[in-house]
Amino acid sequence: MAATNRPRAAAVAAAASYSFLSLNVARQATLGGLALLLDQLPARPSLIFLQEANLANDRLRAAAARLGYTAHISPSPQGSDRRLVLLHSTTPAPIITDITPGHAQLVSLPSLSFLHVHAHSGSNLIAERNAFFRQDITTAIAALPSPPILLGDFNCVLSPIDTASPFPRKNSPPLAALVAAFSLTDAFPHLHPLPSFTFFRTNTPGSRLDRVYLPPLLLPPSSLSATYPACLTTPPFL
């Protein structure tokens with residue numbers, strides 16, 4: 001697939017009983033390559049978090065079933081591309097709460113919860129993205145008994161090393177304040193050297209937009225594993 005719409009992924013082993021994959025399929029017409037991407041991993045994730053999966057619901061559910069997963073598809077506002085999909089193979093099934101307006105979902109499992117986000121993208125939506133972190137996500141986390149794993153496509157960065165673009169254009173002070181308020185830890189740089197970008201586009205500087213933040217419950221991060229699996233070019237499987 002072309003560099004202009006390359007999927008982006010981050011995989012983390014959340015605990016002994018769970019592993020997960022967060023994947024931005026970047027407006028792909030299909031999810032071609034997901035099956036081969038899964039084959040690269042040492043074990044199939046128990047949860048797969050998808051952003052920008054703009055396929056018909058029946059096709060998404062059929063693809064999930066072929067891979068051995070059940071699909072939960074969040075509603076999305078008309079004209080929005082921030083649609084979220086969860087593929088899970090867990091028992092019992094997770095409890096899923098969609099958070100308005102369709103760019104975040106709370107996934108609850110025994111003793112562990114995830115807040116899956118896809119923030120607004122583009123320099124023209126900086127105010128909306130900042131409000132999303134300052135209001136929607138902060139309120140959702142504050143309502144929980146303990147902070148969740150926060151993961152997905154943040155469409156911004158918190159450190160100059162995470163972008164080849166001018167840092168002030170990509171920085172998000174409200175996300176930095178949220179991460180500090182709930183003592184969340186960015187897992188990847190504790191385990192791997194930086195820079196390591198997840199977003200690439202022709203004639204556009206790279207950035208590490210896709211991340212996983214761990215709550216204090218799961219520290220130290222050295223007890224976990226995290227990687228950015230290579231995304232493969234393959235014919236569509238849908």
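Annotation: L194, atom CG; neighbour count of heavy atoms from other residues, nucleotides and ligands within 6.0 Å is above 12.
There is a side-chain donor-acceptor pair under 3.5 Å between E52 and N24.
Between H103 and F132, the two ring planes are parallel [angle under 30°; tilted spans 30° to 60°].
Summarising the geometry of A176 relative to L158, their closest heavy-atom pair is N-CD2, 3.7 Å, with the distance given to 0.1 Å. For S207 against K170, the heavy-atom pair with the smallest separation is OG-CE, 3.9 Å. Counting all heavy atoms, side chain and backbone alike, Y69 lies closest to L38 at CE1-CD1, 4.2 Å. Looking at every heavy atom in both residues, L87 comes nearest to A64 through CD2-CB, 3.6 Å. L175 approaches C156 most closely through the heavy-atom pair CD2-SG, 3.7 Å.
No donor-acceptor pair under 3.5 Å is formed between the side chain of R129 and the backbone N or O of A119. Looking at T163, its side chain does come within 3.5 Å of a backbone N or O of S165 through a donor-acceptor pair.
For the pair I141/P148, a side-chain contact is recorded, criterion being any heavy-atom separation below 4.5 Å from C-beta on. Looking at heavy atoms from C-beta onward, L109 lies in side-chain contact with T90 at the 4.5 angstrom threshold. Side-chain contact check for Q105 versus V117: every heavy-atom pair is 4.5 Å or farther apart. Inter-residue side-chain proximity for H88 and S46 is flagged as unmet; no heavy-atom pair is nearer than 4.5 Å. Two residues are said to be in side-chain contact when any heavy atoms from C-beta on lie closer than 4.5 Å; I48 and F20 fail this criterion. Contact of the V157 side chain with the N171 side chain is not registered, since no non-hydrogen atoms from C-beta on lie closer than 4.5 Å. Side chains of S89 and T70 form no contact here, defined as non-hydrogen atoms less than 4.5 Å apart. Side-chain contact between S183 and P216 is present, with heavy atoms from C-beta onward closer than 4.5 Å.
With sequence neighbours left out, N124 forms a side-chain contact (heavy atoms from CB on, under 4.5 Å) with no residue at all. The salt bridge (Lys or Arg N to Asp or Glu O under 4.0 Å) test applied to D39 returns R44, not counting sequence neighbours. In this structure P193 satisfies the side-chain contact (heavy atoms from CB on, under 4.5 Å) test with no other residue, sequence neighbours excluded. For R134, the salt bridge (Lys or Arg N to Asp or Glu O under 4.0 Å) criterion is met by no residue, not counting sequence neighbours.
Between S121 atom OG and D153 atom CG the span is 7.5 Å, to the nearest 0.5 Å. Taking CZ of R61 as the reference point, atom CG of D58 lies at 8.5 Å (rounded to 0.5 Å). Note: S19 OG to L47 CG = 7.5 Å, rounded to the nearest 0.5 Å. To the nearest 0.5 Å, the span separating CG on L125 from CG on N155 amounts to 9.5 Å. L214 contributes atom CG, which lies 13.0 Å from atom CZ of F188 (distance to the nearest 0.5 angstrom).
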Before you tell me yes or no, could you show the steps for L144 and L115 under side-chain contact (heavy atoms from CB on, under 4.5 Å), namely the whole-Å CA-CA distance, both residues' side-chain angles and the distance that decides it to 0.1 Å?
CA-CA 11 Å; L144 299 174; L115 193 57; 5.8 Å; no
Step by step, would you call Y213 with L151 a side-chain contact (heavy atoms from CB on, under 4.5 Å)?
CA-CA 6 Å; Y213 291 97; L151 79 159; over 6 Å; no
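Linking Ile, Leu, Val, Met, Phe, Trp and Tyr residues whenever their side-chain heavy atoms come within less than 4.5 Å leaves I95 and L106 in two separate clusters. Transitive grouping of hydrophobic side chains (ILVMFWY, heavy atoms separated by less than 4.5 Å) keeps I137 and I126 in distinct clusters.
Between H118 and the choices D210, L84, L50, the side chain to side chain contact (heavy atoms under 4.5 Å, CB included) rule is met once, by L84.
Sequence neighbours left out, not one pair with a member in residues 162-182 passes ring pair (Phe, Tyr, Trp, His ring centres under 6.0 Å). For residues 154-165, the pairs satisfying salt bridge (charged side-chain N to carboxylate O under 4.0 Å, His left out) are D162-R208, with sequence neighbours left out.
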